[in-house]
> 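Starting off with a structure, shown below.
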There are 2 protein chains.
Amino acid sequence: MYSFTEENYLKAIYKLSENNRQSISTNAIADLLQTKAASVTDMIRKLAEKKLLKYEKYKGVELTDKGKRVAVDTVRKHRLWEVFLCDKLKFGWDEVHDIAEQLEHINSALLIDKLDAFLGYPSHDPHGDPIPTKNGDIKKSEFVLLNTVKALQPVIMSGVADHSVLFLQHLDKIGLRLGTSCLIEEMNAYDGSLKLKLNSKQSINISKDVAKNILVKPV
Amino acid sequence: MYSFTEENYLKAIYKLSENNRQSISTNAIADLLQTKAASVTDMIRKLAEKKLLKYEKYKGVELTDKGKRVAVDTVRKHRLWEVFLCDKLKFGWDEVHDIAEQLEHINSALLIDKLDAFLGYPSHDPHGDPIPTKNGDIKKSEFVLLNTVKALQPVIMSGVADHSVLFLQHLDKIGLRLGTSCLIEEMNAYDGSLKLKLNSKQSINISKDVAKNILVKPV
DNA sequence: ATTAAATTTTAGACATGCCTAAAAATACTA
DNA sequence: TAGTATTTTTAGGCATGTCTAAAATTTAAT
Ligand SMILES: [Mn+2]
Ligand SMILES: [Mn+2]
Ligand SMILES: [Mn+2]
Ligand SMILES: [Mn+2]
């Protein structure tokens, strides 16, 4: 139905729309997709013709419902495949994104339904991101950043804001993974670093840079 | 590494080479890939430049070891994904080919290794075709066509020569599937139809057209 | 309000993969 | 062996998606 490239543009625009609620600029899309502004202009004109987004010259773009649906479906496929790779094939959460970038373009609604069932209808992917439903509904994240939680509030680690391989591997190294229960014992007023008490009774220190990229759910 | 199109051409040429041991003609490739001879000429010149096949103008093509390896790896991916779709996702054997045509182009050696392990290192795909090993070795089929078997010789149904959806659904309908034990009770000299006795003690009649597309293993 | 800087679009080009129509080479046939 | 039929290649073109360089527009700064 839609080419890989079209799906990737729609997904990128959707991602940019999640934060900014204004229309999305050509350069922002070019940055995210690591391409040139001229190429973006070409593609958004094509997508506008197909009614996948609203485009006014020099004013940026906004997804239509139709375009948003294609984007959300692609996100759904991406995240379900990531669950498959981690849960079934035993990939690490730092290894799955690039493969899912390919798998998300496989075109078969029945395949995704059956994969969803096979995985037990997961609600979140291996990085804590919500998986859109078959109908295109996507739950807004109820998680908060660890660096905004007050001391002694018990929380469960539930997601990451930084999806980079380096960050994920760092969390592996210090023993933090999704599902880990913990609380902030102490916050350092000088550099914002935290002393975290894990449910294993062990305590670890993490920098503010790490804390502000960890999503937790208060319990 | 190689584009979808390049992989599909190499796979097609490999398939044609399995039967004919001479070099493969432009038209044969065009027929199999449902494209035009002129397009094939364009592509084989490109593949020859990349040393994936040997090409002499007007003399047809022959895969090099390098080209054969790419083809066999693609076949391996195709068949492993078909096993996944049938065994894990519960697709029918008539539904999996088209999806596997897409999945076979996903590029990750580690993914295929892990998929292979997850599936328990299967030796054959859902249609009875052998799955090449990680090293590119592929076992030649030891199966024979049912219409060449002599009466009363017990056999196990082990593969199909016709992979069409129509044929596979017909086999479903008459209750023949891989693993079914049977023997020929009687062969009709006029039309070549067979009276087959199944291990369930039930007997069925199948036409010669069906019999000559069923692969069996004598037991 | 001008001017300068940044962003965005256009113009023109290139690579891939496909097509049709015509030319060239090969294979068949009388 | 000449002539015809078939196969294959070439020539020229089209669609997609990319790029650089230059022009147009918008935004920011004085
Ligand atoms: Mn991802
Ligand atoms: Mn993810
Ligand atoms: Mn198949
Ligand atoms: Mn198969």
> Counting only N and O atoms by type, is there a donor-acceptor contact under 3.5 Å from the side chain of A/Thr26 to the main-chain atoms of A/Val40?
no
> Any cation-pi pair here, B/Lys88 with B/Phe118, using under 6.0 Å and within 45°?
yes
> Roughly how many Å is it from CE in B/Met43 to P in C/dA15, rounded to a whole number?
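Rounding to the nearest Å, CE of B/Met43 and P of C/dA15 are 16 Å apart.
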> Within 45° of the six-membered ring axis of B/Tyr2 and under 6.0 Å from that ring's centre, is NZ or CZ of B/Lys50 located there?
no
> For a quick check of understanding: with a heavy-atom distance under 4.0 Å over all strands, which category does B/Phe4 fall into, base, sugar-phosphate or nothing?
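Nothing: the residue B/Phe4, judged by heavy atoms under 4.0 Å, touches no strand.
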> Expressed in angstrom and rounded to an integer, what is the separation of A/Glu6 atom CD from D/dA15 atom P?
15 Å
> Dump every N/O contact between nucleotides 9-11 of chain C and the protein below 3.5 Å, one line per pair.
| unit_1 | atom_1 | unit_2 | atom_2 | d |
| --- | --- | --- | --- | --- |
| C/dT9 | OP1 | A/Tyr55 | OH | 2.4 |
| C/dT9 | OP1 | A/Tyr58 | N | 3.0 |
| C/dT9 | OP2 | A/Thr26 | OG1 | 2.9 |
| C/dT9 | OP2 | A/Thr41 | OG1 | 2.9 |
| C/dT10 | OP1 | A/Lys57 | NZ | 2.6 |

> Does the pair B/Asp65 and B/Arg69 meet the rule for a salt bridge (charged side-chain N to carboxylate O under 4.0 Å, His left out), with working shown?
CA-CA 6 Å; B/Asp65 285 351; B/Arg69 184 56 196 268; over 6 Å; no
> Can you tell me how far P of D/dT7 sits from NZ of B/Lys36, to the nearest Å?
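Interatomic distance, NZ of B/Lys36 to P of D/dT7: 15 Å.
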> Separation of A/Ile29 atom CD1 from D/dT18 atom P, in whole Å?
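Rounded to the whole Å, the gap is 13 Å.
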> Take the angle between the ring planes of A/His97 and A/His78 and call it parallel below 30°, perpendicular above 60°, tilted in between.
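Rings of A/His97 and A/His78: tilted, 30 to 60°.
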> Would you say D/dT16 has OP1 or OP2 under 4.0 Å from some side-chain N or O of A/Ser3?
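It does not, given that no N or O in the side chain of A/Ser3 lies less than 4.0 Å from OP1 or OP2 of D/dT16.
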> Look for any protein N or O under 3.5 Å of an N or O in nucleotides 3-5 of chain C and output each such pair with its distance, or none.
none

> Quick one: is B/Thr5 getting a side-chain N or O under 4.0 Å of the C/dT16 phosphate, OP1 or OP2?
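Looking at the OP1 and OP2 atoms of C/dT16, neither is under 4.0 Å from any side-chain N or O of B/Thr5.
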> Write down the distance between CG (A/Leu33) and P (D/dC19), rounded to a whole number of angstrom.
10 Å
> If only atom types and distance count, is the side chain of A/Asn20 paired as donor or acceptor with the main-chain N or O of A/Gln22 below 3.5 Å?
no
> So if I apply the salt bridge (Lys or Arg N to Asp or Glu O under 4.0 Å) rule between A/Lys134 and each of A/Asp73, A/Asp116, A/Asp113, which one comes out positive?
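In the set A/Asp73, A/Asp116, A/Asp113, the residue that makes a salt bridge (Lys or Arg N to Asp or Glu O under 4.0 Å) with A/Lys134 is A/Asp113.
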